[in-house]
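First the structure, in the form of structure tokens, and then the observations on it.
Proteins get letters first, then strands, A, B, ... in listed order; numbering begins at 1 in each.
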2 protein chains.
Amino acid sequence: MRKMQNLSKNQQIIFDLIDKSPEPLKAYSILFNVQKRGIKAPLQVYRALDKLVEIGKIHKIESRNAFIACQNSSCQISKATAFSICESCEKVTEINNSNLSKYLTSFKDKNGMKYNKYNLEFFGLCKKCISKKS
Amino acid sequence: MRKMQNLSKNQQIIFDLIDKSPEPLKAYSILFNVQKRGIKAPLQVYRALDKLVEIGKIHKIESRNAFIACQNSSCQISKATAFSICESCEKVTEINNSNLSKYLTSFKDKNGMKYNKYNLEFFGLCKKCISKKS
DNA sequence: AGTTAAATTGTTATAATATAACATTTTGTA
DNA sequence: TACAAAATGTTATATTATAACAATTTAACT
């Protein structure tokens with residue numbers, strides 16, 4: 001069976017919501033927003049989220065328990081993710097920097113472990129929030 | 001008031017438990033383990049964990065919702081953390097690699113954001129688990 | 001078209017993780 | 001000794017996530 005490109009109904013509903021959101025969405029906020037579209041239970045949301053993460057359409061921001069759409073059109077599977085997070089306004093942006101990804105993908109520590117995946121979260125203040133404070 | 005070096009009673013109890021554990025501990029597992037020592041409520045555990053994270057004695061492994069003692073004696077505040085996580089046995093090790101930390105601490109993306117903190121989690125198979133599979 | 005296996009969905013209940021709110025006590029030091 | 005900050009104790013509740021089971025849909029292959 002050739003890999004389906006299309007999302008299922010629930011997956012599509014939830015992806016659309018996340019994709020048009022300017023900020024990461026949390027699972028129960030998603031649930032609340034899709035109840036009018038017939039998705040009633042947390043598990044329906046979590047199952048769609050799991051699948052979307054697995055196929056790389058969305059990423060989980062671990063430190064926030066929230067989900068954002070993949071910004072990187074070529075990113076089919078999310079084995080190498082990096083984000084910048086503003087600690088003031090909570091804006092999250094996916095970092096797409098080939099120097100960084102090359103460095104981390106080829107990184108080898110002395111423990112002899114072979115890495116096949118990484119997730120990196122940078123924290124700081126975004127431009128807007130820096131200017132607000134000064 | 002000069003910064004206290006010593007931990008409070010609850011902080012010490014919880015730090016000792018985490019520090020002697022070979023693996024990351026979860027909050028409710030900690031709670032269960034310290035009940036005999038008089039800590040009865042989740043909030044008592046979370047408050048101690050928050051403080052210990054803040055002062056850099058422990059780190060939170062975000063992808064696992066678990067806590068490990070800082071392996072790096074010089075790490076008083078945890079602004080730059082990196083871990084390797086075995087996806088088979090769940091062993092977690094703090095990575096202490098100056099090349100990596102220099103690279104990431106000085107990393108600047110094109111978005112103009114100033115980072116003051118990062119957390120990096122590598123996933124893969126540890127040596128033991130690689131040999132088990134082959 | 002009919003068969004089949006995998007994927008998805010629906011549903012109820014419950015587990016696991018984390019914080020709010022408020023009162024009290026301890027600690028370090030001015 | 002009085003004050004402010006930090007830590008503690010306690011009850012209740014909010015938030016995040018999964019278990020278990022049944023039914024339906026999908027897509028590849030006869």
Filtered N/O pairs between nucleotides 10-13 of chain C and protein, under 3.5 Å:
{"unit_1": "C:dG10", "atom_1": "OP2", "unit_2": "A:N10", "atom_2": "ND2", "d": "3.1"}
{"unit_1": "C:dG10", "atom_1": "OP2", "unit_2": "A:Q44", "atom_2": "NE2", "d": "2.5"}
{"unit_1": "C:dG10", "atom_1": "O5'", "unit_2": "A:Q44", "atom_2": "NE2", "d": "3.4"}
{"unit_1": "C:dG10", "atom_1": "N7", "unit_2": "A:R47", "atom_2": "NH2", "d": "2.4"}
{"unit_1": "C:dG10", "atom_1": "O6", "unit_2": "A:R47", "atom_2": "NH1", "d": "2.9"}
{"unit_1": "C:dG10", "atom_1": "O6", "unit_2": "A:R47", "atom_2": "NH2", "d": "3.4"}

Send over the distance from A:F15 CZ to C:dT8 C1', rounded to a whole Å. 19 Å

Rounding to an integer number of Å, can you tell me how far A:Q11 CD sits from C:dT8 C1'? 8 Å

Same apolar cluster: B:L43 and B:I14, side chain cutoff 4.5 Å: no

For the pair A:M113 and B:C126, evaluate side chain to side chain contact (heavy atoms under 4.5 Å, CB included) and give the outcome as yes or no after the intermediate values. CA-CA 5 Å; A:M113 221 173 124; B:C126 71; 4.2 Å; yes

Tell me the interatomic distance from A:D50, atom CG, to D:dA19, atom C1', rounded to whole angstroms. 14 Å

Euclidean distance, B:S63 OG relative to B:I85 CD1, rounded to 0.5 Å: 3.5 Å

Distance check needed: D:dT16 P versus B:E62 CD, whole Å only. 13 Å

Looking only at side-chain N and O atoms, does A:K26 come under 4.0 Å of OP1 or OP2 in D:dT15? no

Give the rounded distance in Å between these two atoms: CG of A:L49 and P of D:dA17. 9 Å

Roughly, in whole Å, what's the span from CZ in B:R37 to C1' in D:dG9? 17 Å

Is there a side-chain contact between A:N65 and the phosphate of D:dT15, meaning an N or O under 4.0 Å from OP1 or OP2? no

What is the separation between atom CZ on B:F32 and atom C1' on C:dA16, rounded to the nearest whole Å? 15 Å

Looking only at N and O atoms, is any donor in the side chain of B:Y28 or the base of C:dA18 less than 3.5 Å from an acceptor on the other one? yes

Worked check of side chain to side chain contact (heavy atoms under 4.5 Å, CB included) between A:L100 and B:L104: CA-CA 9 Å; A:L100 176 67; B:L104 292 176; 3.8 Å; yes

Cluster link B:I30 to B:I39, ILVMFWY, side chain under 4.5 Å: yes

Cut-off 3.5 Å, side chains only: do A:Y103 and B:N99 have a donor facing an acceptor? yes

Is any side-chain nitrogen or oxygen of A:Y46 closer than 4.0 Å to OP1 or OP2 of D:dT18? no

OP1 or OP2 of C:dA18 less than 4.0 angstrom from a side-chain nitrogen or oxygen of B:K60, does that happen here? yes

Which whole-number value in Å describes the distance from A:L31 CG to C:dT9 P? 15 Å

How are the rings of B:F122 and A:Y115 set relative to one another: parallel (under 30°), tilted (30 to 60°) or perpendicular (over 60°)? parallel

Report yes if at least one side-chain N or O of B:S8 is closer than 4.0 Å to OP1 or OP2 of D:dT8; otherwise report no. yes

On the nucleotide D:dA7, are OP1 or OP2 found under 4.0 Å from the side-chain N or O atoms that B:K51 carries? yes

